[in-house]
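Numbered from 1 within each chain, the chains take letters A, B, ... in sequence-line order.
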2 protein chains.
Amino acid sequence: MTDIRITSALRLLQAADEFRAGLAGEFSSVHGISVNEFLMLLHVQRSSKQRLARVELAKRMHVSASTVTRMAAPMEKIRLLSRDVDERDARIVFVALTEAGAERLADALVTFAKRAGYLLDDRWQGSEVEQLSEMLRRLAPGAAGTLT
Amino acid sequence: MTDIRITSALRLLQAADEFRAGLAGEFSSVHGISVNEFLMLLHVQRSSKQRLARVELAKRMHVSASTVTRMAAPMEKIRLLSRDVDERDARIVFVALTEAGAERLADALVTFAKRAGYLLDDRWQGSEVEQLSEMLRRLAPGAAGTLT
DNA sequence: GCAATATGCTTGCATATGCAAGCGAATCGC
DNA sequence: GCGATTCGCTTGCATATGCAAGCATATTGC
């Protein structure tokens, strides 16, 4: 009943929840953005042209299109992101990274790296981290738009 | 900059989001509960006395106390959970699992196991799953009340 | 070409959740 | 013992998010 696959999946959810909860506090107080806003900036930056259609961004973030619309709006207001229209298809409104957005993202990445360091602390051997990283990669089959 | 710890932490978040998103759809349509409601039932079941104080449950689930209050209310209404008072301390209201709650949880666990099977499919060796499981355990240092 | 359909985005509504304030009960300091 | 503090829980308010409907633009079938 409680086989090892169930255990692994539960641990995956728990580890992610815990890591995310820790991040959330520091992100909002230090950088003024939420974890999801950070991930949105990161997805845009790591896309081929530093811009993504909203629908595509929604898929990559595992959120609905309406969430992308509403998350992007305030960040466009403060110029972390910009609205870019497609010359060929007027339906598409790209989310693009501004210079200010890139700077904010870089700042937040420092915090993220620090937290990732807590997560994988000195007790982890380099080779163990590599193994873990590879295994986690296999767990996220969302091929298109993998962040890493 | 993009060191392997950052990559691992990002993959952890992505893998968990993806798994959770898949779970959410099937849980709500098949079992009529959300992923968090499932986890709440599971936490209660796996606690020492099949019951937990709300504050303790909140800690284990990484949510606020108010969320526990509000999540538990409808499940108490439909008798999946019951409210138990502490004889010694009138401030404490335990969340306890009912028989109906245990049945619902057992049903949902079948779905969870199926999804965990998709996650860790035939391409995974048994020893690899064990390695992954152990590594994920090390990632969730929340010692008290680990679900697994 | 034009109607029918599909696609991308936004918006109205409902639900979910955190924070801070409030309330009652227990504990502490004296 | 009693006022002050702490603790557990709940509730008001603000924010976040999904779903379904609506709207504009593209594409398809004929």
Side-chain angles (χ1 to χ4, degrees), chain A residues 17-18 20-29 32-41 44 47 51-78 81-96 144-145, chain B residues 17-18 20-29 32-41 43-44 47 51-78 81-96 145:
Chain A
D17 275 354
E18 195 159 326
R20 182 182 283 260
L23 263 189
E26 190 161 358
F27 267 17
S28 83
S29 62
I33 59 177
S34 70
V35 176
N36 264 359
E37 287 170 337
F38 164 76
L39 289 173
M40 177 174 281
L41 292 173
V44 173
S47 64
R51 64 179 205 183
L52 281 173
R54 281 145 199 271
V55 163
E56 179 60 25
L57 186 49
K59 273 184 208 152
R60 297 189 184 191
M61 293 183 67
H62 304 295
V63 298
S64 67
S66 53
T67 295
V68 170
T69 293
R70 285 168 170 133
M71 275 182 57
M75 304 180 85
E76 289 161 355
K77 201 115 189 172
I78 59 174
L81 294 173
S82 66
R83 290 175 66 91
D84 263 23
V85 295
D86 190 319
E87 298 165 355
R88 311 292 180 79
D89 188 336
R91 291 171 303 182
I92 298 178
V93 186
F94 291 107
V95 177
Chain B
D17 276 354
E18 195 159 326
R20 182 183 282 261
L23 216 51
E26 190 162 356
F27 267 16
S28 83
S29 63
I33 58 176
S34 69
V35 175
N36 264 359
E37 286 170 337
F38 165 77
L39 290 173
M40 178 173 280
L41 292 173
H43 272 288
V44 173
S47 63
R51 63 179 206 183
L52 280 174
R54 280 143 200 271
V55 164
E56 180 60 25
L57 186 49
K59 274 184 207 153
R60 297 190 185 190
M61 295 183 66
H62 303 295
V63 298
S64 68
S66 53
T67 295
V68 171
T69 293
R70 284 166 171 135
M71 275 182 57
M75 304 180 86
E76 288 161 355
K77 201 114 189 173
I78 60 175
L81 294 174
S82 66
R83 291 174 66 91
D84 264 23
V85 295
D86 190 320
E87 298 165 356
R88 311 292 181 79
D89 189 336
R91 292 171 304 181
I92 298 179
V93 185
F94 290 109
V95 177

Nearest to the side chain of [X], heavy atoms from C-beta on, is which of [options]?
| X | options | answer |
| --- | --- | --- |
| Arg70(A) | dG18(C), dT11(C), dC9(D) | dT11(C) |
| Thr67(A) | dT17(D), dC9(D), dT17(C) | dT17(D) |
| Ala53(B) | dT17(D), dC19(C), dC9(D) | dC9(D) |
| Ala65(B) | dC19(C), dT10(D), dG18(D) | dT10(D) |
| Val55(B) | dT17(D), dG12(D), dG8(D) | dG8(D) |

How do Thr69(B) and Ser34(A) order along DNA chain D: which one's closest nucleotide is nearer the 5' end?
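Closer to the 5' end of DNA chain D: Thr69(B).
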Heavy-atom nearest nucleotide on DNA chain D for Ala90(A) versus Leu52(B): which residue maps closer to 5'?
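Final value for this comparison: Leu52(B).
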4.5 Å side-chain heavy-atom contact, Arg60(B) and Ser47(B)
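Side chain of Arg60(B) against side chain of Ser47(B), heavy atoms only: contact under 4.5 Å found.
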Do Leu41(B) and Met75(B) come within less than 4.5 Å of each other through their side chains, counting heavy atoms only?
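In short, these two side chains touch, coming nearer than 4.5 Å.
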Relative to the 5' end of DNA chain C, which residue comes earlier, Ser66(A) or Asp89(A), by the nucleotide with the nearest heavy atom?
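The 5'-side residue here is Asp89(A).
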What's the [atom1]-[atom2] distance between [X] and [N], to the nearest Å?
| X | N | atom1 | atom2 | result |
| --- | --- | --- | --- | --- |
| Met71(A) | dG18(D) | CE | C1' | 14 Å |
| Phe27(B) | dA16(C) | CZ | P | 16 Å |
| Arg51(B) | dC9(D) | CZ | P | 12 Å |
| Asp84(B) | dC9(D) | CG | C1' | 15 Å |
| Arg91(B) | dC23(C) | CZ | P | 18 Å |
| Arg88(B) | dG8(D) | CZ | C1' | 18 Å |
| Asp86(B) | dT27(C) | CG | P | 10 Å |
| Asp17(B) | dA16(D) | CG | P | 17 Å |

Check this for me, if you would: do Arg20(A) and Asp17(B) make a salt bridge, where the nitrogen-to-carboxylate-oxygen distance has to be below 4.0 angstrom?
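A salt bridge is present here (some side-chain N lies under 4.0 Å from a carboxylate O).
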Counting the atoms with a prime plus P, OP1 and OP2 as sugar-phosphate, which does Val63(A) contact under 4.0 Å by heavy atoms, base, sugar-phosphate, or nothing?
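Touches sugar-phosphate only.
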Mind running side chain to side chain contact (heavy atoms under 4.5 Å, CB included) on Arg54(A) and Arg83(A) for me, showing each step along the way?
CA-CA 10 Å; Arg54(A) 281 145 199 271; Arg83(A) 290 175 66 91; 3.3 Å; yes
Value rounded to 0.5 Å, distance of CG in Leu57(A) from CE in Met71(A)
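One finds 7.5 Å between CG of Leu57(A) and CE of Met71(A).
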Verify the contact: side-chain N or O of Arg83(A) to OP1 or OP2 of dT10(C), cut-off strictly under 4.0 Å; return yes or no.
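Yes.
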